[in-house]
Each structure stands twice: as C-alpha cells, then as structure tokens.
> 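Below are the structure tokens for one structure; questions will follow.
Just so it is clear: chains get the letters A, B, ... in the order the sequence lines come, proteins before strands, and each one is counted from 1.
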Amino acid sequence: MASINKPLEEYDSVKVWYQGLREQSGVEPGADKSRLEILGEFCATLERDPDEIVAACLLRKEGVETKISIKGRRSMADRIADFQAAGGADSRERARRGNIIRSFLIHNGILLQAGIQI
Amino acid sequence: MEFKEVIGRRRSIRYFQSWRNVEREKIQIMLEAARLASCAVNATFLKAIVVTRDSIPRETLDALKTPVSALTIELAPVHIYTYVDMGAYKGAQARLKKLVDVGALNISHGWSHKFVDEFVWPNILKPLADNADQPSVAASAASDAGIAICQAMLAGVDEGLGVCLTAFQHDAINKLVKAPKEWLPLWVLLVGYPAESWEAGGQRPRPPLEEVFFEGEYGKPFKADPKVTEQMRAAKMIQAPAPLPWRKEEIKALARMFGLPE
C-alpha cells in the first residue's frame, strides 16, 4: 500500500492526464478543482497513488511490450462502478465521479467503455 | 443525393441517437444495395442477419461487445451481423450457366454451357468449393462480401443514416442469431441516426492518392490531376478534412449528453 506523499499533480500519470485533457479533449483541467479531488478520493478508497492505479491495469515485463491487463482492467472498471455508486448527490453527479476516473485512465492509455451513464 | 456526395459524406459514425428507431424500409434499401453488388461466380458471399438492439437480451448485448466497440454497439439501434458464406461456391455451376443464358457471359468472351460444365466447374470452382477452409479462398470470398457491405453502407448514408462497421464477439451473438457453421463472421454494421453532425468532425485523414496507387508499375505514383480534384471537391466527394474547428466542442457536448468521459 502506498501513501500519497506529494501533490497529485506531481504524479506522472496525472501529468499525462492533464496533458491529454488539454490536447485531446480541449479541456483546461485546472479550471475545475473537483476533478482532482475526486481522483484523490478514488486513490484513498483503493489505498493506491495515481501511478499505481494505472500500473494495476497494465502488464509490464522487462524487455516485453507493455500490455493492458484484461483482469486488471476489468477489476478497475468494477472498482470505478462501485466508487460511482457510493457517492454523489444524484445520478448525474455519480456518473460524473465515475467518468472522471475513467477519463484519468483513458488518457493514460487504459481503454474503458462503460457505456451511457445517465 | 448525388453518388459522389454519398461517398464524400460517409463517415464511421460512433454516436447514434440511441432512442430513435430506423425505418424498416431503409434497412431493406441497404440490404438490396448489398444484394446487387458485384460478386464472383454470381455467388452472394455476403450473408447478414438484421437484429434490433432492443431485441437483444441485456446479457447477450454485453457479451457481444469488444473493448473498442462496446459503446457504439450500445448506441446503435440496428445491428446487421455480416458473414461470408463459404458454402456460396456450391451452385456456382448453375449460376454461371444462368449468366450465359441472360447474356451476361457471352460467346464473344468464350463462355458457353459446355465451358462451364467441362472446364470452369471441375477445374476451378469445385476445387474452391472443396477447399473453402483455405485462407486464400476465404480471402477472395471475404473481398466480395466487403464490396456488398460497402454498398449497403453507402445506401444507408444516402438514406440519411449513420453507419459504422465494427467488431463483435461472434459466439455471443450466435446463440441468438444461429448463423450456419459455414458462415464465417465478419463485422457488425451498426446503423442509426447520427447523434453527431453528419460531418462527424470532417473527412478522415487518408494518405494522398500518389502514395497508395501506381501507374504502370509499383513505385510510379498515379499522379492526381488538380483539375479533377477540384471537380470532386465541387461534387462534395472531397470535403473539408478533419478536424473541423468545432469538433472538440462537439465531442464534449456529446460526452455530456450521454454521460461519457472527457
């Protein structure tokens, strides 16, 4: 179990996410502070830092191309669904919470398609 | 719509109006367009099963999704599951003779019933029919099926529909549609009214003509005549390239409408 020992923005995976949001989605990540707060909540729930969450979805072996772990990705999709169901005042807010985490992982190269959330 | 514009407007649509059904007659037009496609030995290699998304049990719908096609499969109200029928070589002998009878294959080109019976069938077609599991045989049959699928797609676009050809988990849907064993699964053609604008962000990037087509021999590019390119632009076959300036805003709006990640 890793503790979060620095600001979330300093983790590589969060930098990748922010860059993707700016360049691919046309969204300024800093404009909405709740995005990072929700990621922080998710990290706390899983007791993992952002980089570890991404790593949990990957199969990395020395000298071999990195692959997405089917098991890891499925498990993470379930954890996101649980996290989504557990918080938020209404269905729209719950969907937003889940989608923020999905966005974080997708911009880090983890394919997730959860379908229509509203 | 003019033919060239239909070609120009076709895009792989990935956001459908999930709530809006497609008129059955429009699907019939698409299937008819596929049926009329060019095909070797007059064999309709393409076979397809039309299924409305809402008639698919939830567990089957979830099981047939692939990681990259999950959302599009869920959004599209009509699914056309396409297959290449490896049994379509059977009967080719009779079909070829019919083409002779109707004046499509003629004496002027060396065709006769006797030629079909004594040469084409025993020496060419029967060995193909008997070796339908060979990759080269499947590839040529799949090529013909692809031509037919393309015609269906273009007919759909002409009818104002959005189309997207994508992958599906064969075993999952087969429990429902019960396709015969000799049908090899190809793609699912998703059909519906686009939820995104018909431009879908602009015409997709493709390599220039000179990079993919050659004249005389490989390495000598087929050079495009700028005047002809202009004519195609005027006919709306060549359109504004992606990304159109508002595409990111459109994707954001669609993501919010459907509750999808940004």
> Return the minimal non-hydrogen interatomic distance between B/P261 and A/S103, and the atom names on each side.
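Scanning both residues completely, I find the closest heavy atoms to be CB-N, 3.9 Å.
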
> Counting only heavy atoms from other residues, nucleotides and ligands, does the tally under 6.0 Å from NZ of B/K4 exceed 12?
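Check fails, neighbour count at 12 or below.
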
> Count the heavy atoms belonging to other residues, nucleotides or ligands that lie under 6.0 Å from NZ of B/K248, then report whether that count exceeds 12.
yes

> Please check if atom NZ in A/K71 has more than 12 non-hydrogen atoms from other residues, nucleotides or ligands closer than 6.0 Å.
no

> Please list, one pair per line, the donor and acceptor atoms closer than 3.5 Å that link side chains of residues 68-86 of chain B to other protein atoms, with sequence neighbours excluded.
{"residue": "B/S69", "atom": "OG", "partner": "B/T66", "partner atom": "N", "Å": "3.2"}
{"residue": "B/S69", "atom": "OG", "partner": "B/T66", "partner atom": "OG1", "Å": "2.7"}
{"residue": "B/S69", "atom": "OG", "partner": "B/A167", "partner atom": "O", "Å": "3.2"}
{"residue": "B/E74", "atom": "OE1", "partner": "B/K65", "partner atom": "NZ", "Å": "2.5"}
{"residue": "B/H79", "atom": "ND1", "partner": "B/Y81", "partner atom": "OH", "Å": "2.8"}
{"residue": "B/H79", "atom": "NE2", "partner": "B/I73", "partner atom": "O", "Å": "2.9"}
{"residue": "B/H79", "atom": "NE2", "partner": "B/A76", "partner atom": "O", "Å": "3.1"}
{"residue": "B/T82", "atom": "OG1", "partner": "B/W187", "partner atom": "N", "Å": "3.1"}
{"residue": "B/T82", "atom": "OG1", "partner": "B/W187", "partner atom": "O", "Å": "2.6"}
{"residue": "B/D85", "atom": "OD1", "partner": "B/G87", "partner atom": "N", "Å": "2.8"}
{"residue": "B/D85", "atom": "OD2", "partner": "B/K47", "partner atom": "NZ", "Å": "3.1"}

> For B/E2, is the CD atom crowded, meaning more than 12 foreign heavy atoms sit under 6.0 Å from it?
no

> Are more than 12 heavy atoms, taken from residues, nucleotides or ligands other than A/R22, located less than 6.0 Å from that residue's CZ atom?
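Counting other residues, nucleotides and ligands, CZ of A/R22 exceeds 12 neighbours.
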
> Hey, is CZ on B/R204 packed in by over 12 heavy atoms from elsewhere, all under 6.0 Å?
yes

> Taking the side chain from A/N99 and the backbone from B/E262, do they hold a donor-acceptor pair closer than 3.5 Å?
no

> Any side chain to side chain donor-acceptor pair (under 3.5 Å) involving residues 156-172 of chain B? Give me the pairs, sequence neighbours left out, ordered by first then second residue.
none

> Please classify the contact between A/R73 and chain B as side chain, backbone, both or neither, with a heavy-atom cut-off of under 4.5 Å.
side chain

> Tell me the residues of residues 12-19 of chain A whose non-hydrogen atoms fall below 4.5 Å from those of chain B, in number order.
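No residue falls under the 4.5 Å cut-off.
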
> If you count heavy atoms of other groups shown closer than 6.0 angstrom to CZ of B/F213, is the number above 12?
no

> Give a yes or no on this: more than 12 heavy atoms of other residues, nucleotides or ligands lie within 6.0 Å of atom CD of B/Q28.
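12 or below, so no.
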
> So which residues of residues 24-36 of chain A are in contact with chain B at a heavy-atom cut-off of under 4.5 Å?
A/Q24, A/S25, A/G26, A/V27, A/R35

